[in-house]
Amino acid sequence: MAKLVLVRHGESQWNLENRFTGWVDVDITEKGAAEARSAGERLKAAGYTFDVAYTSVLKRAIRTLWHVQDAMDLMWIPVKINWRLNERHYGALSGLNKAETAAQHGDEQVRIWRRSYDVRPPALEAGDSRDVFGNPRYAGASRAEVPLTECLKDTVERVLPYWESDIAPSLREGKNVLIAAHGNSLRALVKYLENVSDADIMGVEIPNGAPLIYDFDENMKPTRIGYLA
Ligand SMILES: O=C(O)[C@@H](CO)OP(=O)(O)O
């Protein structure tokens with residue numbers, strides 16, 4: 001059966017600066033590019049290939065995908081870009097330094113904002129320059145679909161319709177699928193695919209540039225799950 005590989009983008013400039021990022025369109029660093037290339041080289045060396053790739057509308061995921069494709073000599077495969085694979089929206093925390101925010105609000109509050117399943121960070125207020133509604137890349141999305149903040153539950157609820165409508169059908173057709181996305185949009189998928197509880201998903205972390213591989217049986221049940229050795 002088909003294989004699915006999830007890759008979180010390489011280190012971004014705001015990963016390096018320890019800032020909450022969410023839907024802000026920050027690029028990868030040179031280290032992040034090297035992580036992405038290495039992921040592609042390792043996948044190729046292990047004999048993987050892909051028929052189609054999916055990514056978000058954010059350049060840290062898109063550029064990571066480009067590096068993986070280039071390293072695998074797969075620049076030619078179809079790439080589908082969709083905002084539903086974006087990072088979880090970080091609301092009013094977007095752009096703030098994580099350590100400074102913890103110093104101000106406490107480690108426990110920041111841990112809840114970062115990893116709880118259903119507690120949203122404070123929302124952006126109307127008119128905030130970080131609100132991306134109206135940006136052409138979200139032209140197909142309604143006001144309700146372009147969030148002002150999200151908890152992981154919200155992210156699961158907007159990722160899964162795209163999984164069902166686009167990604168799962170490709171796997172069912174026997175296509176090998178690569179997804180380049182983000183720590184929390186990938187945690188949303190992992191939660192669904194591995195049936196992780198709301199409590200246990202708090203402890204799941206996805207490293208930058210580490211391919212996570214799923215083999216499926218004909219009923220779309222994962223038969224083997226693991227990071228590329
Ligand atoms: O800032 C973000 O958007 C994410 C991913 O880097 O951070 P966190 O680890 O807090 O989910």
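Residues: numbered from 1 along the sequence shown. Ligands are counted one by one from 1 in listed order, and the atoms in each one are counted from 1 as well.
Both cation-pi conditions hold for Arg88 and Tyr90: the charged atom is under 6.0 angstrom from the six-membered ring centre and inside a 45 degree cone around its axis.
Using a 4.0 Å cut-off to heavy atoms of Thr21, the atoms of ligand 1 that qualify are 1 (O), 2 (C), 3 (O). Under a 4.0 Å criterion applied to the non-hydrogen atoms of Phe20, ligand 1 contributes the atoms 1 (O). Each of the following atoms of ligand 1 lies closer than 4.0 Å to a heavy atom of Arg19: 1 (O). Those atoms of ligand 1 with a heavy atom of Asn15 less than 4.0 angstrom away are 6 (O). Short contacts between ligand 1 and Asn184, defined as distances under 4.0 Å to a heavy atom of the residue, involve ligand atoms 4 (C), 11 (O).
More than 12 heavy-atom neighbours from other residues, nucleotides or ligands sit within 6.0 angstrom of NZ on Lys98.
Contacts with ligand 1 closer than 4.0 Å are made by side-chain heavy atoms of Tyr90 only, the backbone lying farther away. At a heavy-atom cutoff of 4.0 Å, ligand 1 is contacted by no atom of His182, backbone or side chain.
The pair Asp166-Lys80 does not meet the salt-bridge criterion, since no charged nitrogen lies less than 4.0 angstrom from a carboxylate oxygen. A salt bridge between Asp51 and Lys175 is absent, with no side-chain N of the basic residue lying under 4.0 Å from a carboxylate O of the acidic one.
Given atom 5 (C) of ligand 1, the protein heavy atom at minimum distance is Glu87 OE2, 3.2 Å. The protein non-hydrogen atom at the shortest distance from atom 7 (O) of ligand 1 is Lys98 NZ, 2.9 Å.
Any N or O atom pair closer than 3.5 Å counts here, and Gly22 shares at least one such pair with ligand 1. Checked against a 3.5 angstrom limit, the closest N/O atoms of Arg115 and ligand 1 fall inside it. Polar contact check, Arg60 against ligand 1: no nitrogen or oxygen pair lies under 3.5 Å apart.
Looking only at distances, no side-chain donor or acceptor of Thr149 sits under 3.5 Å from a matching main-chain atom of Ala123.
Residue contacts with ligand 1: Arg8 is included, with a non-hydrogen atom under 4.0 Å away.
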